[in-house]
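Order of appearance sets the numbers: ligands from 1, and atoms from 1 within every ligand.
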Amino acid sequence: MHLLIPAAGSGKRMGADRNKLLLQVRSKPLIAWTLLAAEAASSITWIGIVSQPPDWDDFKAIIADLKLKKTIELIPGGSTRQESVYNGLQALPTNAAQVLIHDGARCLATPNLFNACSEAILKCSGLIAAISVKDTIKVVDENGIIKSTPERKQLWAAQTPQGFDVKLLKQCHAEGVRQGWEVTDDAALFEKCGMEVRIVPGEETNLKITTPQDLAIAEFILSYRE
Ligand code: C5P
């Protein structure tokens, strides 16, 4: 299975002056944990890291340090996650029929989750890892007034990996560019094109590291695992 890792963001919401994936968590850069999980997932054979060229020296040093055995390519990132994935899709080897896309910032996903998604995408054309929400979710307007309360049992929190048929996802991304759609995950493009996306059970610990608090939680989870 081919895996694309969008890793071209900044550290803005983290309050960092550099790519948050290069910040240290339990004595390793955050992206190192993501790469170690991908390396340990037996289903993954090729890894494309979509990242900004100024970060490439750091990424190359991390890859060398981890002594990863799988084929890894660095692909130039875009100005949004959507653009980064678009670039990644163009850089896939021509024999890639399916692809998993996994945010570099989700450094706690387990090899088992990668393998479960790799297996499931052989039987459908689009999927995401997701967990049912525990909180009651409110839709709120710009004045801070609640507009509605969606029924909780229908709500799921989207995670990555997300898996797709490569040909179909490329078509959805191209349609997104034509229509000017701006989305925060790839499943949204699939949905907008009227295609079915399935849920694969995600992991409660599969956090997207976004704020300094998330970094502290990741430290705790990784130390607990060790
Ligand atoms: O900013 P956020 O954490 O939501 O980004 C999700 C993932 O997308 C991160 O792994 C980040 O590195 C990546 N990203 C990207 N290109 C961008 C912005 C974000 O690959 N321009």
[atom1] of [X]: more than 12 outside heavy atoms within 6.0 angstrom?
X: Glu119; atom1: CD; result: no
X: Lys70; atom1: NZ; result: yes
X: Glu182; atom1: CD; result: no

Can you tell me the protein heavy atom closest to [atom] and the distance?
atom: atom 20 (O) of ligand 1; result: Ala8 N, 2.9 Å
atom: atom 8 (O) of ligand 1; result: Arg81 CG, 3.5 Å
atom: atom 9 (C) of ligand 1; result: Pro6 O, 3.8 Å
atom: atom 5 (O) of ligand 1; result: Lys208 NZ, 4.6 Å

Is there a side-chain contact (heavy atoms from CB on, under 4.5 Å) between Leu100 and His2 once you walk through the steps?
-> CA-CA 6 Å; Leu100 293 189; His2 293 76; over 6 Å; no
Could you tell me whether some N/O pair between [X] and ligand 1 is separated by less than 3.5 angstrom?
X: Gly9; answer: yes
X: Gly78; answer: yes
X: Gly104; answer: yes
X: Thr210; answer: no
X: Ser84; answer: yes
X: Asn19; answer: no

Looking at side-chain heavy atoms only, is the closest gap between Trp33 and Leu108 below 4.5 Å?
->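 No, side chains not in contact.
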Given side chains that start at C-beta, do those of Trp181 and Leu189 come closer than 4.5 Å, heavy atoms only?
-> yes
Dump the intermediate steps for salt bridge (Lys or Arg N to Asp or Glu O under 4.0 Å) on Glu83 and Arg81, then the final yes or no.
-> CA-CA 5 Å; Glu83 263 182 44; Arg81 182 190 181 282; over 6 Å; no
Could you grab the distance from atom CZ of Arg26 to atom SG of Cys107, nearest 0.5 Å is fine?
-> 12.5 Å
For ligand 1, does Lys20 get within less than 4.0 Å through its side chain, its backbone, both, or neither, judged by non-hydrogen atoms?
-> side chain
Closest candidate by heavy atom, reference atom 6 (C) of ligand 1, pool Asp103, Val50, Thr80 |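 Result: the heavy atom closest to atom 6 (C) of ligand 1 is in Asp103.
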Taking Ile121 as the fixed residue, which of Gln162, Met1, Arg198 is the one that meets the side-chain contact (heavy atoms from CB on, under 4.5 Å) rule?
-> Met1
Relative to the heavy atoms of Arg13, which atoms of ligand 1 are at a distance of less than 4.0 Å?
->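 Contacts of ligand 1 toward Arg13, numbered from 1: 1 (O), 2 (P), 3 (O), 4 (O).
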Counting from 1, what ligand 1 atoms have a heavy atom of Ser79 closer than 4.0 Å?
->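 Ligand 1 atoms under the 4.0 Å threshold to Ser79: 21 (N).
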